[in-house]
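Read through the structure below, which is laid out as structure tokens, and then see the notes.
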Amino acid sequence: MMPMEEKVDLESDEEIPFSASATRKKVHPFDSEINIASHVDMSKSWILKRIQMGPLRSIYIVLIKAKINMLLPFGPLAILLHYLTGKHGLVFLLSMLGITPLAERLGYVTEQLAFYTGPTVGGLLNATFGNATEMIISIYALKSGMIRVVQQSLLGSILSNMLLVLGCAFFSGGIANHQKVQVFNKAAALVNSGLLLMAVMGIMFPAVLHFTHTEVHFGKSEMALSRFSSCIMLIAYGSYLFFQLKSQPNLYSPVDELQGGVNDPEDSDDEEVPEITQWETIGWLAILTLWISILSGYLVDAIQGASDSLNMPVAFISVILLPIVGNAAEHASAIMFAMKDKLDITIGVAIGSSTQISMFVIPFCVVVGWCMGQPMDLNFQLFETATLFISVLVVAFMLQDGTSNYFKGFMLILCYLIVAASFFVHVDLEKDNN
């Protein structure tokens, strides 16, 4: 009998709103609370929908969501201290801290744009905008006549990507996937290694020509060779892009696709989708690039003063500290993909970025300096050239078998520490008089 009575009571409560007064007293306050709660939930959902549909969501994702954005206020603070105080060391450090999240966010926005452009063009965009910070800093330094800062910062970017970024990625990926051997596309890695060796050849010959005093016209032959080699390197990089994107795109396919492997269901579940729209990514690229260019001017102006106040060689600042700031995006991306066992993307980010700097950014800066009337050349001096040559050889040997483990990463990190220590005690004999 009890189930039938409960059923009748429930039906009466639903269909007859004006039942007994006692029943109304029990139901009415509770119903009002439910109605209020439902209205609150509806208002919250409406606000969330408005945020998701409007630009507020884009601002939240790009400028607030990531923890590294806690460093963003250091940029305006560096500009403020530049005009209020003469402490170049503090301005330099704050500018570095302010540019670091901008470089990382620039890499993130470029990855979002890759969802709309496709993987091949997206990878090229990722490498290009990942190196945008180095290019902007280099152009500002060129305008100031700081040729050695340009050369050393670009050299440091190559060393940082090859040794530190790749080493940390191999180490993290090896620890996270210790139960298996990580593999990557050996053919694509060897092509990048060959391009790096070609860049070393282009950088080495002007230095050897200068220090052996075998120039036909002292000073002029070295510059002419540098500009000619830069044009050849730009042609080689353009041919490499055509080879990668049009002629032989299958060469750069991941190992699983080349072996005809079947994607795991976990990978299909983890398939990523863009978080911001295409036009929002383009807008953020413009905003972040502009803000990085502004901060780069203050950063470059404070380098010499920071070297004096911090008692630190300009070579160490240019080769070690500046590239760490510019490579923030590559560092985070390479480690993340290595831990997800996507080593082909890791190699593309770390080694691909080094290839682009050596074969495109450095020759591009030589051509830009030529147009500006600045004597930018490929003579990076013997110590820097020898460091680059040995580092490229070490990385080429690490990549030749197409496998990765945490010990390889640990060795690359130790190699970078040796390079950092050597530049800390290195005296640059070719400092600019400016």
Side-chain angles (χ1 to χ4, degrees), residues 71 74 78 88-101 103-104 130-131 133-138 140-141 146-169 171 203 295-296 299-332 334-335 350 353-354 357-358 361-362 365 380-392 394-395 409-432:
L71 300 176
F74 287 109
H88 295 286
L90 189 58
V91 172
F92 176 79
L93 293 177
L94 292 178
S95 299
M96 281 184 55
L97 291 175
I99 288 179
T100 301
E104 192 276 334
N131 294 324
T133 305
E134 290 92 336
M135 291 185 67
I136 293 171
I137 293 175
S138 299
Y140 269 95
M146 304 173 72
I147 308 299
R148 291 295 293 156
V149 171
V150 176
Q151 293 176 333
Q152 292 174 339
S153 63
L154 293 179
L155 172 71
S157 295
I158 300 173
L159 298 175
S160 175
N161 277 309
M162 286 194 308
L163 300 177
L164 182 62
V165 175
L166 188 64
C168 290
F171 183 80
I203 293 173
L295 275 183
S296 297
L299 180 69
V300 170
D301 291 340
I303 287 178
Q304 188 59 52
S307 174
D308 298 334
S309 61
L310 299 176
N311 195 20
M312 191 177 294
V314 176
F316 181 81
I317 293 176
S318 302
V319 178
I320 305 301
L321 296 185
L322 288 183
I324 290 177
V325 173
N327 293 333
E330 289 93 337
H331 212 141
I335 292 177
S353 181
S354 298
I357 293 174
S358 59
V361 179
I362 290 179
C365 287
F380 280 40
Q381 308 303 316
L382 284 180
F383 182 79
E384 288 86 344
T385 305
T387 303
L388 177 62
F389 179 59
I390 298 299
S391 300
V392 170
V394 170
V395 173
F410 186 62
M411 285 193 291
L412 290 175
I413 294 173
L414 293 181
C415 290
Y416 187 76
L417 292 179
I418 294 175
V419 171
S422 64
F423 276 99
F424 190 78
V425 298
H426 173 59
V427 177
D428 190 4
L429 300 179
E430 298 290 334
K431 283 185 179 180
D432 297 318

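Residue numbers run from 1 in the order of the sequence given. Excluded from the calculations below are hydrogen atoms, water molecules and symmetry mates; all remaining heavy atoms, backbone and side chain alike, are included.
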Side chain to side chain contact (heavy atoms under 4.5 Å, CB included) between L163 and I413, worked out: CA-CA 6 Å; L163 300 177; I413 294 173; over 6 Å; no

CA sep, side-chain torsions, deciding dist, call: F423, L155, side chain to side chain contact (heavy atoms under 4.5 Å, CB included): CA-CA 12 Å; F423 276 99; L155 172 71; 4.1 Å; yes

Intermediate values then yes/no, side chain to side chain contact (heavy atoms under 4.5 Å, CB included), S153 and V319: CA-CA 5 Å; S153 63; V319 178; over 6 Å; no

Stepwise side chain to side chain contact (heavy atoms under 4.5 Å, CB included) check, F383 with S422: CA-CA 10 Å; F383 182 79; S422 64; 3.8 Å; yes

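For the atom pair F171 CZ and M411 CE, the distance stands at 12.5 Å (nearest 0.5 Å). The structure places OG of S354 at 6.5 Å from CD1 of I158, a figure rounded to the nearest 0.5 Å. Taking NE2 of H88 as the start and OG of S309 as the end, the distance is 8.0 Å to the nearest 0.5 Å. Atom-to-atom distance recorded for L164:CG and Y416:OH is 5.5 Å, nearest 0.5 angstrom. Distance check: L321 CG to I303 CD1 gives 10.0 Å after rounding to the nearest 0.5 Å. From I99, atom CD1 reaches atom CG of L295 across 5.0 Å, with rounding to the nearest 0.5 Å.
The nearest pair of heavy atoms linking A141 to V300 is CA-CG1, 3.9 Å. Here the closest heavy-atom approach between residue I357 and residue S157 is recorded as CD1-CB, 3.4 Å. Taking all atoms of both residues into account, the shortest heavy-atom contact from A315 to Q152 is CA-OE1, 3.4 Å. Taking every heavy atom of both residues into account, L159 and L388 meet most closely at CD2-CA, 4.2 Å. Between A306 and I317, the closest heavy-atom pair is C-CD1, 4.4 Å. Scanning both residues, L412 and G167, for their nearest heavy atoms gives CB-CA, 3.7 Å.
Just one of V150, L322, I362 meets the side chain to side chain contact (heavy atoms under 4.5 Å, CB included) condition when paired with S138; it is V150.
Remark: aromatic rings of F424 and F316 are close, center separation under 6.0 Å.
By the 4.5 Å heavy-atom criterion applied to side chains, D301 and Y140 are not counted as neighbours. Side-chain contact between L414 and L417: present, with at least one pair of heavy atoms (C-beta onward) separated by less than 4.5 Å. Between I324 and I320, the closest side-chain pair of non-hydrogen atoms falls below 4.5 Å. The side-chain heavy atoms of V314 and R148, taken from C-beta on, include no pair separated by under 4.5 Å.
Residues E384 and Q151 bring no donor and acceptor atom of their side chains to less than 3.5 Å of each other.
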